[in-house]
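Everything on this sheet refers to the single structure shown next.
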Number of protein chains: 2
Amino acid sequence: MANIPIYRQDAQHPQAQACAACEIRSSALFGVLDADGLDRIHLHIETLELASDSVVYDRGSSGAAVYTVRTGVVRCERVNSRGERRIMRLAGRGDLIGQEALLQRPYGHEAIVCMPTQLCRIPRALIDGLAEKSGALPRELMLRWQRALDASESWMSEVCTGPARLRVLRMLQRLQDHAQPDGTLWLPRREEMSAMLDMTVETASRLISQLRREGVLERLPVRLARVNASALHRALTSAAAGS
Amino acid sequence: MANIPIYRQDAQHPQAQACAACEIRSSALFGVLDADGLDRIHLHIETLELASDSVVYDRGSSGAAVYTVRTGVVRCERVNSRGERRIMRLAGRGDLIGQEALLQRPYGHEAIVCMPTQLCRIPRALIDGLAEKSGALPRELMLRWQRALDASESWMSEVCTGPARLRVLRMLQRLQDHAQPDGTLWLPRREEMSAMLDMTVETASRLISQLRREGVLERLPVRLARVNASALHRALTSAAAGS
DNA sequence: CGAGCCGTTGAGGGGATTCAAGCTCAGTGG
DNA sequence: CCACTGAGCTTGAATCCCCTCAACGGCTCG
């Protein structure tokens, strides 16, 4: 019984190969499953490869699946009662989105791809079936919910607060967490920044330009950038203290 | 087997009587339990009666219990990196707080009583034990988590956004949801409003005074108020449109 | 090339903050 | 009884940050 590989290597199905090779499996939802559970899931999980601005799901649609982000970044949006788009959350590698589906509820926000992204689509029925057998899965799910709640609250307390420059700096800090291996990161369009940080596109543009002149940010071709980590850190501490 | 009362009426323990008489049992966490589960829980659940400004739990403390609000209002606070207090959430009748404890994690915020409040303290071990037997409890727990997440996101998109007057109006709208039977509601101190709405106490004061002059709000003795629902509604629509 | 989108920059105005001064009210003690 | 606090609330005046409105430049694409 010992040394059963966490994902069966001998499975024939191509998706089984993909799951076996998946680098995020230890941090992903099914890390807790045993061999029995794992054997069954490959057949139902689908890997999606989506381009920028693709819609993963719409708010209000009654979804039948949750998604794990393998690479790339997905943003979760919502339109508030004044008709403004607000970006509530960024999901990156290893994050789970659309958990409402597990409770047979419509999605609470719209999920949109920020940069070329790979997703694993996990049908609800699959998780329902597994949860009855595996004792560890419900706990793992609750952990994901708690993580989403933490992220939401820390976003609210840090990114929705304070002077505009500080908010932009904190956004950059968070974008760094989703940076690609080569150090480049997704830089939102100005309008998206405005939806994240509750400011106008003009203000976002001014502040980004200023940070570029200060050497905190270096602009790359298409919606990409590179940040100087130490300069960012310095800017953050001085902005937080100076206020 | 049919017609087993959801809470056993014949239990001797005084807490069993309290649970049997609890008016929120259908909406509370244990509404899904069967008779076996219910018989065991009374012995471990404790009813607390706390005065304003009592601390239910501290952020960072590793809690061993979750709490259900029976009456009153509890606020969940957090201190952001600039050292400012931010109120992230209000919990009222039927709401569950401190769910992090179920995952053996420290509380993510500080919970403080807003007005005289009754709480049920539910030890973590109790829920762990029940969850193994009852299939419905994990689902119910996930539902609570999702509800907290929804509340957090809608708070962020509605209360953290827009001109100050609109934010104050939306706060009043939410406070109405926690109103007492007699129609009075908890009116935060100005400093607490400032922590909720990300504005200065002066701005909060100016706007509350203005709303009082407009007849939206009527002030009562101690941190209580009565709102004119229709006037509030009118003010909200005109403020949302006028901007 | 013009159209359109996105980003940038400028000028002006408005709303919120800042700083400051009274105000109300409960508690205290002479 | 009443002055004396001190905390919380209110209000005023000046300042500033951000928004609004506007124009322009770079870029892609038909």
Side-chain angles (χ1 to χ4, degrees), chain A residues 51-53 82-86 112 114-115 159-172 186-214 216-225 238-240 242-243, chain B residues 51-53 82-87 112 114-115 159-172 186-214 216-225 235 238-240 242-243:
Chain A
S52 295
D53 301 323
R82 292 164 74 213
E84 303 162 337
R85 211 160 53 99
R86 296 294 325 264
I112 301 183
C114 296
M115 55 191 297
V159 180
C160 285
T161 280
R165 177 181 162 92
L166 185 59
R167 301 210 298 279
V168 169
L169 288 169
R170 286 211 260 251
M171 176 196 67
L172 290 177
W186 171 63
L187 193 70
R189 296 202 306 263
R190 302 300 168 266
E191 192 220 335
E192 290 161 343
M193 292 185 192
S194 124
M196 274 191 243
L197 306 177
D198 192 31
M199 61 180 65
T200 58
V201 291
E202 294 92 333
T203 300
S205 173
R206 274 182 248 271
L207 290 168
I208 288 291
S209 301
Q210 184 187 332
L211 290 174
R212 202 167 52 232
R213 286 189 287 267
E214 294 174 13
V216 174
L217 196 67
E218 183 191 352
R219 200 179 181 185
L220 299 179
V222 272
R223 296 190 202 174
L224 289 180
S238 82
S243 143
Chain B
S52 295
D53 300 324
R82 290 164 75 214
E84 303 162 338
R85 214 159 53 97
R86 295 294 326 263
I87 295 178
I112 301 183
C114 296
M115 56 191 295
V159 180
C160 285
T161 281
R165 177 183 163 90
L166 186 58
R167 300 211 298 279
V168 169
L169 288 169
R170 285 210 261 251
M171 176 196 68
L172 289 177
W186 171 62
L187 193 68
R189 295 204 305 262
R190 302 300 168 268
E191 192 221 335
E192 290 161 344
M193 292 186 192
S194 122
M196 275 191 242
L197 307 175
D198 192 29
M199 60 181 67
T200 58
V201 291
E202 293 93 333
T203 302
S205 173
R206 276 183 245 271
L207 291 168
I208 289 292
S209 301
Q210 183 187 335
L211 290 174
R212 203 167 51 231
R213 285 190 287 269
E214 293 173 12
V216 174
L217 196 66
E218 181 192 352
R219 201 179 182 186
L220 300 179
V222 273
R223 296 191 202 173
L224 289 179
S238 83
S243 144

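Below, chain A is the first sequence line, B the second, and so on; all start at residue 1.
- Applying side-chain contact (heavy atoms from CB on, under 4.5 Å) to B:Val168 and the options B:Leu207, B:Leu217, B:Thr203 leaves one that passes, B:Leu207.
- Here CE of A:Met199 is found 11.5 Å from OG of A:Ser205. Values are rounded to the nearest 0.5 Å.
- With hydrogens and angles ignored, a donor-acceptor pair closer than 3.5 Å exists between the side chain of B:Arg206 and the base of C:dT18.
- Taken to the nearest 0.5 Å, the CD atom of A:Glu218 stands 10.5 Å off from the CZ atom of A:Arg212.
- Taking only side-chain nitrogens and oxygens, B:Ser209 comes nearer than 4.0 Å to OP1 or OP2 of D:dT11.
- Nearest nucleotide to the side chain of B:Arg189, out of D:dG8, C:dT8, C:dA16: D:dG8.
- As judged by a 4.0 angstrom heavy-atom cut-off over every strand, A:Arg223 is placed among residues making no nucleic acid contact.
- A heavy atom lying under 4.0 Å from DNA chain C marks the following residues of residues 190-205 of chain B, by number: B:Asp198, B:Met199, B:Thr200, B:Glu202, B:Thr203.
- Side chains of A:Arg86 and A:Met196 form no contact here, defined as non-hydrogen atoms less than 4.5 Å apart.
- Along DNA chain D, the nucleotide closest to A:Arg167 and the one closest to B:Arg219 are compared, and the more 5′ of them pairs with B:Arg219.
- A donor-acceptor contact shorter than 3.5 Å is absent between the side chain of A:Ser194 and the backbone of A:Arg190.
- As judged by a 4.0 angstrom heavy-atom cut-off over every strand, B:Arg213 is placed among residues touching the sugar-phosphate backbone only.
- Computed from C1' positions of five pairs at each end, the angle between the two local axes of the helix from C:dC1-D:dG30 to C:dG30-D:dC1 equals 20°, rounded to 10 degrees.
- Tested against A:Met193 for a side-chain contact (heavy atoms from CB on, under 4.5 Å), the candidates A:Val201, A:Thr200, A:Leu187 yield a single pass: A:Leu187.
- The nearest whole Å value for the distance from the CG atom in B:Leu166 to the C1' atom in D:dC19 is 16 Å.
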